[in-house]
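Below: the structure, in structure tokens.
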Protein chains: 2
Amino acid sequence: MPASLHKVSDSAIRRLSIYLRVLGGLEREGKETVSSQVLADRAGTTAAQVRKDLSLFGSFGKRGLGYLVTTLRDELRGILGVSRTWRVALVGIGRMGAALLEYPHFRARGFEFVAVYDSDPEKVGSRRGMLTVEDARVLEESLRETGVEIVVLTVPAGAAQEVADAAVRAGVRGIMNFAPVALKVPPGVRVNAVRLTVELEVLSFSLGSVADRD
Amino acid sequence: MPASLHKVSDSAIRRLSIYLRVLGGLEREGKETVSSQVLADRAGTTAAQVRKDLSLFGSFGKRGLGYLVTTLRDELRGILGVSRTWRVALVGIGRMGAALLEYPHFRARGFEFVAVYDSDPEKVGSRRGMLTVEDARVLEESLRETGVEIVVLTVPAGAAQEVADAAVRAGVRGIMNFAPVALKVPPGVRVNAVRLTVELEVLSFSLGSVADRD
DNA sequence: CCTTTCTTGTGAAGCTTTTCACAAGGCGCC
DNA sequence: GGCGCCTTGTGAAAAGCTTCACAAGAAAGG
């Protein structure tokens, strides 16, 4: 059942992305085939889960043998939509923004920063690698002109919604949001929130609300 | 049913952390009470979900009135284990590490960096804010001495497992891992992975594997 | 004091995701 | 060519999570 219109869960997609990363490693190691078991071990899940996830999109394996590393990798890239390049803009160039701009894994996976914005006059006009920081006031028009498809938001919480609105008006349909606030966007626009503090608090909880004061 | 030993799902804990953030905002706005509906709107979930999540740990509301903002906030801080300060170490001070070190929301929530490590001799000995970068070779002993409880890992994928092993030997039970690799740790140690590329690929998938080449 | 209005807490239902288990298929060796 | 071994693909069962719907409780106003 090669389902392409079946609703596929977010967690399944996350795992596919992880499999893709693992396959890259296997390829570099010169492995030609891989079993669901090995893939699962490296991805941190189970063999059954791997097979189920892949079966959502087709039958990519060979019984008795496993999956062909390169073939499966290409299939996953197609499924995830990363066999092409995405045009990404960064809004808000503080320390976090600067780190993301240089983050090597983004470009390696086909996500290319094509514009940077900030509202601080001190920063506007300065260069960051190959890009010049533009004024956030021209965000909407500039995003449209540049053909940006995805926006990475690293602005303070108070400014996030406003920027998101402008991005949506400019036709952006994907937002990766680092600001600690829930963005409201119209249907058809997808927001993916990265909540660093939440991740730490999940750890804190796990380490035991045993809560010995210090 | 105030369950403290019931197994509570990860997603529930994530939401509690978000509620905590929202409550902080409400408090700053001077609101004294809040209904599950309003809390849900601001957190990006549903009223029923809010009530269910809270009911996992007790009955904090007043029927007909809602929740007392300050009281609920204190309760959540207790549940999540953030009514105390956690001693955190950063390993790997590249751009991402530097950004996290200065990330204002961590300290504001009780996560305090008390040590920084790197293996690059150029960086060892240099200062970052109040801290001096230490040599990663002394990681294990130094973590133990400093009483570090949580490690934030921003090293290259190839070095991550090794560092994690040392941290575990030093008694660390919580790891926030930014390296694109699945860490193996013994039971009792919790790893929380932050996978930035995965987040972008989820976006890419959502924006339609419709895949118009560019 | 009684009624109205509001909102929680929660069993139960509904839905989604994961795990299980095994038939079917392919490869290689004898 | 046949046999044994290995691994996939997948229904079905199990587990887990979210939504629903409503009784019960609390406040406020008459």
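By convention in this document, chain letters (A, B, ...) are assigned in the order of the sequence lines, proteins followed by strands, and residues within each chain are numbered from 1. Everything numeric in this text was worked out from a predicted model, so none of it was measured.
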Does [X] have any side chain to side chain contact (heavy atoms under 4.5 Å, CB included) partners at least two apart in sequence or in another chain, and if so, which?
X       : value
A:Ser36 : A:Ala47, A:Val50, A:Arg51, A:Tyr67
A:Ala89 : A:Ala115, A:Tyr117, A:Leu143, A:Val148, A:Val151
B:Lys62 : B:Leu65, B:Leu68
A:Leu26 : A:Val22, A:Leu23, A:Glu29, A:Lys31, A:Val34, A:Leu39, A:Arg42, A:Val69

Which residue pairs satisfy the side-chain hydrogen bond (donor to acceptor under 3.5 Å, both in side chains) criterion with at least one member in residues 9-18 of chain B, sequence neighbours excluded?
-> A:Glu199-B:Arg14, A:Glu201-B:Ser17, B:Ser9-B:Ser11, B:Asp10-B:Arg14, B:Asp10-B:Arg190, B:Arg15-B:Asp53
Can you run down the salt bridge (charged side-chain N to carboxylate O under 4.0 Å, His left out) pairs that involve residues 158-173 of chain A, sequence neighbours left out, and say none if there aren't any?
-> A:Glu140-A:Arg169
Residue set satisfying salt bridge (charged side-chain N to carboxylate O under 4.0 Å, His left out) with B:Arg137, at least two apart, ordered chain then number -> B:Asp135
Who passes salt bridge (charged side-chain N to carboxylate O under 4.0 Å, His left out) against A:Arg128, sequence neighbours left out?
-> none
Just wondering, do A:Val172 and A:Glu149 contact through their side chains at under 4.5 Å, heavy atoms?
-> no
Among residues 21-36 of chain A, which residues get a heavy atom nearer than 4.0 Å to DNA chain D?
-> A:Ser35, A:Ser36
What residues in residues 63-72 of chain B put a non-hydrogen atom under 4.0 Å from any atom of DNA chain D?
-> B:Arg63, B:Gly64
Pairwise 5' ranking along DNA chain C for A:Lys62 and B:Phe60, keeping only the more 5' one | B:Phe60
note: B:Leu54, atom CG; C:dT10, atom C1'; distance rounded to Å ~ 13 Å
Nearest-Å distance, CD (A:Gln37) to P (D:dG9)?
-> 15 Å
Any N/O pairs under 3.5 Å between the protein and nucleotides 17-20 of chain C? List them or say none.
| residue | atom | partner | partner atom | Å |
| --- | --- | --- | --- | --- |
| C:dT18 | OP1 | A:Arg15 | NH1 | 2.9 |
| C:dT18 | OP2 | A:Arg15 | NH2 | 2.9 |
| C:dT18 | O5' | A:Gln49 | OE1 | 3.3 |

B:Tyr103: partners by ring pair (Phe, Tyr, Trp, His ring centres under 6.0 Å), with sequence neighbours left out = B:His105, B:Phe106
